[in-house]
Amino acid sequence: MAFAALWCRNRCRRRCAISNQEVAALLEDIADLLEVKNENQFRVRAYREAARTIGGMTEDVLKLWEEGRLREIPGVGPSIASKIDEFLRTGRLQYYEELRAQTPVGFTQLLSVPGLGPRRAEILRQKLGVTTLAQLEEALREHRVRGLPGFGEKVEENLLREIERLPQRQRRLLLGVALPAAEEVISLLRGHPAVARISEAGSIRRRVETIGDIDILVASDRPLEVMDAFTTLPIVKETLAKGPTKSSVLTKSNLQIDLRVVRIQEYGSALQYFTGSKSHNIALRDIAIAKGYKLSEYGLFEADTGRVIAQETEDQIYLALGLEPIPPELRENRGELEAAARRELPDLVQLSDICGDLQVHSDWSDGHNSVEEMARAAKDLGLEYIAMTDHSQGLGVAGGLTPERVVEQGALIRDLNRRLAPFRILHGAEVDIRADGSLDYDDTVLRQLDYICISVHNAFGQSRERMTQRVAKALQHPLVHALNHPTGRLIGRRRGYDLDLEEIIRVAAEHGKALEINAQPDRLDLDDVWARRAKEAGVPLVISTDAHELGHLDFMRYGVFVARRGWAEKGDVLNTRSLKSLEAWLHQRRKAA
DNA sequence: GCCGTTTTCGGCCCGACTGTTTTCAGTCG
């Protein structure tokens with residue numbers, strides 16, 4: 001619930017911007033509350049749609065509000081607009097408070113139990129006075145639930161099991177964990193004679209940063225053989241369900257993987273359907289309906305006659321609907337359908353466009369490998385260059401380099417560059433931004449370096465205002481090239497520091513600085529939404545692995561996924577430049593400084 | 001509550017599955 005965050009904000013609403021995420025959370029809460037009140041489902045959906053749009057929007061809702069343009073947001077009509085207005089103006093919303101007052105605390109949590117929707121939750125409340133998860137569990141164990149209208153023995157059993165599994169279900173997997181697991185299953189099944197086609201689907205295929213379920217789709221005319229092969233894979237610990245169209249297993253590393261099998265001719269429509277997102281699919285069906293078609297996982301059909309229009313490939317479906325084929329990463333209903341209709345989809349950056357890695361560490365600071373090992377590994381991956389960016393002196397725990405050590409490392413790098421040419425190691429540093437916004441090296445040290453990226457590594461607890469001033473000041477330093485992991489978040493473990501990213505993007509754009517997409521799977525920082533915002537502001541993105549050992553160099557693709565989800569093209573990403581072009585860019589910066 | 005190439009009312013994505021029911025409601029993805 002966004003409740004706590006909302007009321008914290010009230011205290012400083014004049015100075016602290018209320019973010020899109022907070023408005024989205026408010027609307028989402030309202031949808032939950034309306035849902036448990038058994039309100040008109042279309043009203044519930046209207047709030048959810050508005051929340052989703054605002055949550056994924058790159059424009060600042062506060063700015064739109066100031067300009068009186070709230071109604072221009074798709075899904076925001078007079079009623080929701082006036083509620084957002086009240087919230088932004090006063091920091092609170094009467095309507096929301098009333099809804100909350102009418103709903104017992106904890107009641108909306110009941111809907112997080114799979115199999116329990118608003119209708120049955122309301123019956124539980126009326127007949128048994130159940131309003132919390134704990135009360136529900138107790139009632140289930142005492143068998144007071146069976147016999148209620150719509151509840152039988154089976155429902156009781158299922159609900160109890162789902163409550164017990166709830167803690168596991170609510171944990172989302174990092175893409176960096178889920179994708180390799182899916183790829184292993186795919187590589188094991190790909191050669192099977194009954195498997196005609198196979199792909200990951202769902203949020204994994206859209207490269208969302210965290211994943212709920214791992215979904216794999218197979219086309220086959222012999223589904224039972226596929227299911228046998230799947231459930232007997234060596235990585236499988238337990239088979240949770242097995243049928244002709246869908247099976248689920250638990251792997252030895254406790255990941256649940258769902259496999260669906262469809263007929264070969266329906267593969268394209270099934271892949272489209274199972275890739276989602278839900279919101280993209282709903283919008284796509286609207287387009288189909290408007291054209292007199294019907295779209296489902298079985299294909300695109302003429303509504304009257306049922307004649308097949310397209311089903312074998314995803315591209316055929318999009319094209320038949322008058323759209324450019326849309327890459328999976330863009331399928332979030334964030335404007336991609338409109339862009340596809342106008343033939344204006346971006347030509348997304350690819351992993352193969354990446355020419356170098358601009359944040360790499362060695363055992364000179366907290367890395368595990370030598371400069372030479374990192375460089376040779378990067379060279380073997382086909383890169384033209386890396387920036388060796390060991391930590392600066394202030395980061396004692398990471399063995400940050402003193403100015404003397406920087407000079408020594410420079411000599412080593414010059415020697416290595418002679419031996420590894422034409423591969424190039426740029427002599428760089430990841431320089432700490434001190435609490436007051438000054439940098440952890442003075443200019444005489446910085447001038448010896450080819451590439452300077454800066455990071456916040458301490459004093460995370462500063463106020464939004466101070467943190468923003470601190471980072472903005474550091475970023476404006478003429479010798480600085482890029483800001484690393486701009487929010488400092490660690491997915492699932494640590495929220496980012498309180499920072500006005502809109503302002504940081506503005507400063508970066510004004511001073512020609514780059515912002516990093518850090519490719520470590522638990523960082524992915526900037527995220528997709530902010531990466532898109534940066535791109536739109538004309539700020540160059542730099543995708544780096546922040547590698548601390550050889551294997552981390554392979555993380556590059558996760559950063560590329562974020563960039564793609566942020567609509568970035570090759571030209572938007574600094575390290576797609578060839579070495580020569582990058583050196584020209586660096587030279588130009590140096591001259592300006 | 002939103003929205004409009006059937007427009008200011010009457011719609012709102014689609015199909016499968018489950019369990020409770022005798023034809024369907026609720027839930028899910």
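Each chain gets a letter, A, B and so on, in the order its sequence line appears, and its residues count up from 1. Being a predicted model, the structure only gives us computed values, none of them experimental.
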Exercise. Does Arg557(A) use its side chain to pair, donor to acceptor, with the backbone of Asp554(A) at less than 3.5 Å?
Worked result: no
Exercise. Please give, in whole Å, the distance from dC2(B) C1' to Glu39(A) CD?
Worked result: 15 Å
For this session: If the glycosidic angle is within 90 degrees of 0 it's syn, otherwise anti, so just tell me which one dT7(B) is.
Result: syn
Exercise. Any side-chain N or O of Lys246(A) under 4.0 Å from OP1/OP2 of dG29(B)?
Worked result: no
For this session: Could you list the residues that satisfy salt bridge (Lys or Arg N to Asp or Glu O under 4.0 Å) with Arg161(A), not counting sequence neighbours?
Result: none
Exercise. Considering only the P atoms, how many Å lie between dG26(B) and dT21(B), rounded to the nearest integer?
Worked result: 12 Å
For this session: Tell me whether the guanidinium CZ or amine NZ of Arg120(A) lies under 6.0 angstrom from the six-membered ring centre of Phe151(A) and within 45° of its axis.
Result: yes
For this session: Scan Ile282(A) against the nucleic acid and name what it touches under 4.0 Å (heavy atoms): base, sugar-phosphate only, or nothing.
Result: base
Exercise. How far, in whole Å, is dT18(B) from dT23(B) if one measures between their C1' atoms?
Worked result: 15 Å
Problem set entry | dT22(B) to dA16(B) separation - P atoms, rounded to the nearest Å | 23 Å
For this session: List the protein contact pattern of nucleotides 17-23 of chain B with one symbol per nucleotide (5' to 3'): B for base contact, S for sugar-phosphate-only contact, - for none; contact means a heavy-atom distance under 4.0 Å.
Result: --SS---
Exercise. Whole-Å distance between dC3(B) C1' and Tyr47(A) OH?
Worked result: 16 Å
Exercise. Separation of Gln311(A) atom CD from dG15(B) atom C1', in whole Å?
Worked result: 16 Å
Seminar exercise, completed: Of the listed dC12(B), dG26(B), dG1(B), the closest approach to the Ser79(A) side chain comes from dG1(B)
Exercise. Phosphate oxygens OP1/OP2 of dA16(B): is one of them under 4.0 Å from a side-chain N or O of Tyr298(A)?
Worked result: yes
Problem set entry | Atom C1', compared across dT6(B) and dG10(B): separation rounded to whole Å | 12 Å
Problem set entry | Gln94(A) backbone acceptor or donor facing Glu86(A) side chain under 3.5 Å | yes
Problem set entry | Short side-chain N/O contact from Ser296(A) to OP1 or OP2 of dC14(B), under 4.0 Å | no
For this session: Kindly say whether Val44(A) contributes a backbone atom to a donor-acceptor pair with the side chain of Glu39(A) at under 3.5 angstrom?
Result: no
For this session: Pick out which of Glu332(A), Glu209(A), Glu336(A) makes a salt bridge (Lys or Arg N to Asp or Glu O under 4.0 Å) with Arg565(A).
Result: Glu332(A)
For this session: Taking Ser269(A) for its side chain and Glu266(A) for its backbone only, find out whether a donor-acceptor pair lies under 3.5 Å.
Result: yes
Exercise. Between dG26(B) atom P and Leu159(A) atom CG, what is the distance in whole Å?
Worked result: 15 Å
Problem set entry | Interatomic distance at P, dT5(B) relative to dG1(B), whole Å | 23 Å
Exercise. Base, sugar-phosphate alone, or nothing: which one does Lys83(A) contact when heavy atoms must sit under 4.0 Å apart?
Worked result: sugar-phosphate
Problem set entry | Lys/Arg-Asp/Glu bridge criterion (N-O < 4.0 Å) met for Arg141(A), Glu138(A) | no
For this session: Could you check how far CZ of Arg119(A) sits from P of dC24(B), rounded to whole Å?
Result: 16 Å
Exercise. Is any NZ, NE, NH1 or NH2 atom of the basic residue among Glu314(A) and Arg331(A) found under 4.0 Å from an Asp or Glu carboxylate oxygen of the other?
Worked result: yes
For this session: Remember a base hit wins even if backbone is also touched, and classify Leu116(A) as base, sugar-phosphate or nothing at under 4.0 Å, heavy atoms.
Result: sugar-phosphate
Problem set entry | Integer angstrom distance from the P of dT8(B) to that of dC14(B) | 22 Å
Problem set entry | First encountered from the 5' end of DNA chain B, between Asn281(A) and Arg260(A) | Asn281(A)
Problem set entry | Nearest-Å distance for atom pair CD/C1', residues Gln272(A) and dG29(B) | 13 Å
Seminar exercise, completed: In whole angstroms, the gap separating P of dG29(B) from CD1 of Ile211(A) amounts to 15 Å
Problem set entry | Gap between atoms CZ and C1', on Phe274(A) and dG15(B) respectively (whole Å) | 10 Å
Problem set entry | Partner nucleotide, any strand, of dC24(B) [Watson-Crick/G-U, under 3.5 Å] | dG19(B)
Problem set entry | Which residue lies more 5' along DNA chain B, comparing Tyr273(A) with Asp286(A) via nearest heavy atoms | Asp286(A)
For this session: Using the P atom as the reference point in each nucleotide, state the distance between dC12(B) and dT7(B) in Å, no decimals.
Result: 15 Å
